[in-house]
*Asks:* 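Next up is a structure, given as structure tokens.
We name chains A, B, ... by the order of the sequence lines, and we start the count at 1 in each one.
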Amino acid sequence: MPRPQKRLAGTAGPDKKGLPGKRAKTEDAGEISAKVENSSLQKISASKDSVKKLSSYWLMKSEPESRLEKGVDVKFGIEDLKAQPKQTTCWDGVRNYQARNFLRAMKLEEAAFFYHSNCKEPGIAGLMKIVKEAYPDHTQFEKNNPHYDPSSKEDDPKWSMVDVQFVRMMKRFIPLAELKTYHQAHKATGGPLKNMTLFTRQRLSIQPLTQEEFDFILSLEEKEPS
DNA sequence: GCCAACGTTGGC
DNA sequence: GCCAACGTTGGC
């Protein structure tokens, strides 16, 4: 049975574990930004209701159109997720340290947007939730997998994945172009999408959203397409 | 440890 | 298919 292949972040080459250098710096930077994101959200939430809120919000990119990578079709759209047993899949193939560190920061039941990338109409297609927290991505050890990483060792896996479950389709598809229009406007007005990671860190395949960003995007469902 | 070359992402 | 953005590699 074919396993869904998400094509997520950039392909990473060999990593010299334990050696100081660029790779380690990249890794640290990702971890720090994940923590900063979470702690600022927790702070906001805690000040509101004194109940420690652990939840963050996420956006996860995947390609809904066929494309071969080392001879393997990496197509995996939201319809493919719906077709999985229990409408659940493991989100494998992430090979970028920042994206991986965000995967590792995900907690059970947190919400994530399913984003369609590298396709005719890019944008947010639906909602998922995290149903299993980070564990080793087995595809890093599979020689024939397009995301095989020969530098990763079984006793010290480099890459992680989470399991996600389909929650629902967006009431209407939210196109990238529309989000971009709001992002541009909000940069001038200080609106909720002014710093959205989708636009500030273009190629990041796993990214956090603030509560405000998440709520604003959900509110767009009720509006006419702009 | 700098940084040019290279490879990938992903919108258009 | 083009190419800007940007992460990674590797020579020095």
*Asks:* Take atom CG of A:N96 and atom P of B:dT9, then tell me their distance rounded to the nearest Å.
*Replies:*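 Atom-to-atom, A:N96 to B:dT9, this comes out as 10 Å.
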*Asks:* Testing the 3.5 Å rule here: is there a donor-acceptor pair between the side chains of A:S66 and A:D73?
*Replies:*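 Present: a donor and an acceptor within the cut-off.
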*Asks:* Once you round it to whole Å, what is the distance between P of B:dT9 and NE2 of A:H147?
*Replies:*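 Nearest whole value for this atom pair: 7 Å.
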*Asks:* Determine, using the 4.5 Å side-chain heavy-atom cutoff (strictly less than), whether A:F216 and A:L218 are members of one ILVMFWY cluster.
*Replies:*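 Yes; A:L218 is reachable from A:F216 via cluster members.
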*Asks:* Is there a side-chain polar atom (N or O) of A:K180 under 4.0 Å from OP1 or OP2 of B:dC12?
*Replies:*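 True: A:K180 side-chain N/O within range (under 4.0 Å) of B:dC12 OP1/OP2.
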*Asks:* What's the CZ-P distance between A:R201 and C:dG7, to the nearest Å?
*Replies:*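 The distance from CZ of A:R201 to P of C:dG7 comes to 9 Å, rounded to the nearest Å.
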*Asks:* Is the distance from OP1 or OP2 of C:dC6 to the nearest side-chain N or O of A:Y97 less than 4.0 Å?
*Replies:*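 Looking at the OP1 and OP2 atoms of C:dC6, neither is under 4.0 Å from any side-chain N or O of A:Y97.
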*Asks:* Could you check how far CD1 of A:I206 sits from P of C:dG7, rounded to whole Å?
*Replies:*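 Rounding to the nearest Å, CD1 of A:I206 and P of C:dG7 are 16 Å apart.
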*Asks:* Can you tell which of A:D137, A:D92, A:D149 makes a side chain to side chain donor-acceptor pair (under 3.5 Å) with A:W159?
*Replies:*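 Of the listed options, the one satisfying the test is A:D149.
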*Asks:* Rounded off to whole Å, could you give me the CD-to-C1' distance for the A:E65 and B:dC12 pair?
*Replies:*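 Distance check: A:E65 CD to B:dC12 C1' gives 13 Å.
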*Asks:* Hey, does A:F199 reach any base, or is it just sugar-phosphate, or nothing, if we go heavy atoms under 4.0 Å?
*Replies:*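 Contact class for A:F199: none.
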*Asks:* Sorted by first residue and then second, give each salt bridge (charged side-chain N to carboxylate O under 4.0 Å, His left out) pair with at least one member in residues 161-170 of chain A; sequence neighbours left out.
*Replies:*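 Applying salt bridge (charged side-chain N to carboxylate O under 4.0 Å, His left out) to every pair that reaches into residues 161-170 of chain A, excluding sequence neighbours, yields A:R168-A:E221.
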*Asks:* Is the distance from OP1 or OP2 of B:dG10 to the nearest side-chain N or O of A:K61 less than 4.0 Å?
*Replies:*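 For B:dG10, OP1/OP2 do have a side-chain N/O of A:K61 under 4.0 Å.
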*Asks:* Anything under 3.5 Å between a protein N or O and an N or O of nucleotides 2-5 of chain C, put it in a table, one pair a line.
*Replies:*
| residue | atom | partner | partner atom | Å |
| --- | --- | --- | --- | --- |
| C:dA5 | O4' | A:Q202 | OE1 | 3.3 |
| C:dA5 | O3' | A:Q202 | OE1 | 3.4 |
| C:dA5 | N3 | A:R203 | NH1 | 3.1 |

*Asks:* Can you check the A:L198 CG to B:dC12 P distance for me, whole Å?
*Replies:*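 After rounding, the gap between these two atoms is 10 Å.
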*Asks:* Look at atom NZ of A:K194 and say whether more than 12 heavy atoms of other residues, nucleotides or ligands are closer to it than 6.0 Å.
*Replies:*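 Yes, NZ of A:K194 has more than 12 neighbouring heavy atoms, counting only those of other groups under 6.0 Å.
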*Asks:* According to salt bridge (Lys or Arg N to Asp or Glu O under 4.0 Å), who are the partners of A:D215, at least two apart in sequence or on a separate chain?
*Replies:*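 None.
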*Asks:* In whole Å, what is the span from the CZ atom of A:F102 to the P atom of C:dG7?
*Replies:*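 About 12 Å, once rounded to whole Å.
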*Asks:* NA contact type, A:K120, heavy-atom cut-off 4.0 Å: base, sugar-phosphate, or nothing?
*Replies:*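 A:K120: no heavy atom of the nucleic acid under 4.0 Å.
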*Asks:* For A:K223, does the NZ atom sit with more than 12 other heavy atoms under 6.0 Å from it, leaving out its own atoms?
*Replies:*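 Enclosed.
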*Asks:* Using whole Å, what does the distance between atom C1' of nucleotide C:dT8 and atom CD of A:Q98 come to?
*Replies:*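 Taking atom C1' of C:dT8 as the reference, CD of A:Q98 is at 13 Å.
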